[in-house]
Amino acid sequence: MSGSNYIKFSGHQFITQRLVLSTLTGKPIKIDKIRSEEDNPGLQEHEAAFLHLLEQVTNGSSFDINYSGTSLIYKPGIISGGKINFDCGNSRAIGYFLEPLIVLAPFAKNPINITLHGITNDNLDTSVDLIRTVLLPQLKRFGIESGIELKIVKRGAPPNGGGEVKFNCPIVKQLKPVQYIDEGKIKRIRGIAYATRVSPQMANRVTEVARSQLTHYIPDVYIYTDVYKGAESGNSPGYGLSLVAETTTGALLSAECCFEKQTSNENNESEKPVIFNFETPEDLGKQALKYLLTEIRKGGSVDTLSQWINIILMVLTPEDVSKIRISKLTKVSIQLLRDIRSFFGITYKIKPDPENQTVLLTCVGSGFTNTNKKFT
Amino acid sequence: AANFKDVKRKKNLMQIVYDGTDSEEEESESEEEDNGDDDELFVKVKPQKKVSKDIMDTSKLIVLNDELEDWSDEDMIESLRYRFITGDGNN
């Protein structure tokens, strides 16, 4: 095979989305200049771990990594699925690994039944709570109706994790196109305040701040307090809050924050930054609330957190028009649109709606079908 | 939607998305500019780059504190009421 068969990329950014698109389309990729200019060159722990996960989820994939880890050639096999047990480590949270899996899982040969170990909540990656309450419900619109489940068995706060989740996903022949631009009005707000290896009072205090302000807008506010003890509480103390506003048309607008222990980073081996330092649970509650209100003001039928999954699922639908309304394209979404053009040759129509300062995203699906599973 | 108006004035969004360069390339270009004037014999030691959230691969958008609006302001709180079913809907 000549090198010209590869779709070429450079840099360490957006590696997981490119690996996912490559796996879905069966098109091999070559990524070079992976941190080649940096003191700590090459693939990092979490990226290497993701490759291991991909190896387990697929069958017949090949990975060629050069000596310094700065160049990667990936030839995707088929998405085999099945029962998998995987330790994500503590370099990145479970969300980093689980998010890409969500879009691969429906197109596997066998339904995926995976147990993931690691950090369940942090401020960098989407928490398992928002994956469960915001991302997964949106798969229904694309026709993945039943049998999708994410169970949080153990909480794992940073830095030492120790959490455990189980993810089950059914397989489908093809998705359904989605036309979903009516953002509706907010009818209720739900939340989850968790506490692990700290006093349950922390979760209560976080909840109180958020609830008292939100009931100012609407009476239907319920924040569930999820307290973990003993073997289910992971290796580090932590607490946090995720909030979801649900509209009359089923749009889900979300925000979250969690407590991060300040670690003395003496060897500086990780590039993972500490994003917040909350003095009190009340500070954390207020911050999560600010995020939610900002998200509500921005509007859209698809919130900022869910942009990428909707964008990627839209291109995987039959050859029909899909349309969604978002607030402002994130950097990740912009690159995802460019990468989708590289893999599928499909461009999206991106049209601002001046009326409420949102953006309408339209595309014609690629006619994607699950070729791994024999349907009778 | 903070940059929405600027965006609209300059180019349409499709051009920005599809005609723009990849973010990775933008970064390396600006680095080259920095070193452009230097004698090639002496490579300027780059200061240890502080890791910013911008270059982390994550779908979660991290907005720093100063980019968030001040939601303690009463008018600000009221300005959001129309997004709820309890609002009057005239907005």
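Chain identifiers are assigned alphabetically (A, B, ...) following the order of the sequence lines, protein sequences preceding nucleic acid strands; residue numbering begins at 1 within each chain.
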Engineer: Keeping A/Thr249 on the side-chain end and A/Glu183 on the backbone end, is there a donor-acceptor pair under 3.5 Å?
Structural biologist: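 Checking the backbone N and O of A/Glu183 against the side chain of A/Thr249, a donor-acceptor pair under 3.5 Å is found.
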Engineer: Closer than 4.0 angstrom, basic N to acidic O: yes or no for A/Glu47 and A/Arg35?
Structural biologist: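 Judged by the 4.0 Å cut-off on N to carboxylate O distance, A/Glu47 and A/Arg35 do form a salt bridge.
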Engineer: What is the minimum heavy-atom distance between A/Pro100 and A/Thr16, and which atoms define it?
Structural biologist: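 For A/Pro100 versus A/Thr16, the nearest heavy atoms are CG-CB, 4.2 Å.
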Engineer: Please determine if A/Arg190 and A/Asp220 form a salt bridge, counting it only when a charged side-chain N lies under 4.0 Å from a carboxylate O.
Structural biologist: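 Yes.
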Engineer: Non-hydrogen atoms of chain B under 4.5 Å away: do they reach the side chain of A/Leu292, the backbone, both or neither?
Structural biologist: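 Looking at A/Leu292, nothing touches chain B.
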Engineer: Chain B: which of A/Leu305, A/Leu293, A/Leu130 shares the most heavy-atom pairs with it under 4.5 Å?
Structural biologist: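 Of A/Leu305, A/Leu293, A/Leu130, A/Leu293 has the most heavy-atom pairs under 4.5 Å with chain B.
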Engineer: Given that the side chain runs from C-beta out, which part of A/Thr294 has a heavy atom under 4.5 Å from chain B: side chain, backbone, both or neither?
Structural biologist: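 Its backbone and side chain both get close to chain B.
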Engineer: Quick one: sort the A/Tyr217 and B/Phe84 rings into parallel, tilted or perpendicular, breaks at 30° and 60°.
Structural biologist: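 Ring orientation, 0 to 90° scale: parallel.
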Engineer: Determine yes or no for a side-chain-to-main-chain donor-acceptor pair under 3.5 angstrom, with A/Ser301 supplying the side chain and A/Arg325 the backbone.
Structural biologist: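 It does hold such a pair.
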Engineer: If I measure from the heavy atoms of chain B, does A/Ile189 come under 4.5 Å with its side chain, its backbone, both, or neither?
Structural biologist: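 When you check distances to chain B, only side chain atoms of A/Ile189 fall under 4.5 Å.
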Engineer: Please confirm whether the backbone N or O of A/Ile218 pairs with a side-chain atom of A/Thr215, one donor and one acceptor, at under 3.5 Å?
Structural biologist: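 No, the answer is negative, given that no donor and acceptor are paired below the 3.5 Å cut-off.
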Engineer: Does A/Asp125 come within less than 4.0 Å of B/Lys60, counting only side-chain N to carboxylate O?
Structural biologist: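 B/Lys60 and A/Asp125: not salt-bridged.
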Engineer: Of the backbone (N, CA, C, O) and the side chain (C-beta and beyond), which part of A/Ile309 lies under 4.5 Å from a heavy atom of chain B, both, or neither?
Structural biologist: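 Neither part.
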Engineer: Could you name the residues of residues 342-350 of chain A that have a heavy atom within less than 4.5 Å of a heavy atom in chain B?
Structural biologist: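 If one takes a 4.5 Å heavy-atom cut-off, the residues of residues 342-350 of chain A near chain B are A/Ile346, A/Thr347, A/Tyr348, A/Lys349, A/Ile350.
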Engineer: Hey, is the main chain of A/Lys331 close enough, under 3.5 Å, to the side chain of A/Gln335 for a donor-acceptor pair?
Structural biologist: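 Between the backbone of A/Lys331 and the side chain of A/Gln335 there is no qualifying donor-acceptor contact (under 3.5 Å).
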Engineer: Side chain from CB out, backbone as N, CA, C, O: work out which of these in A/Gln307 comes under 4.5 Å of a heavy atom of chain B, or both, or neither.
Structural biologist: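 Answer is neither: A/Gln307 stays 4.5 Å or more from chain B.
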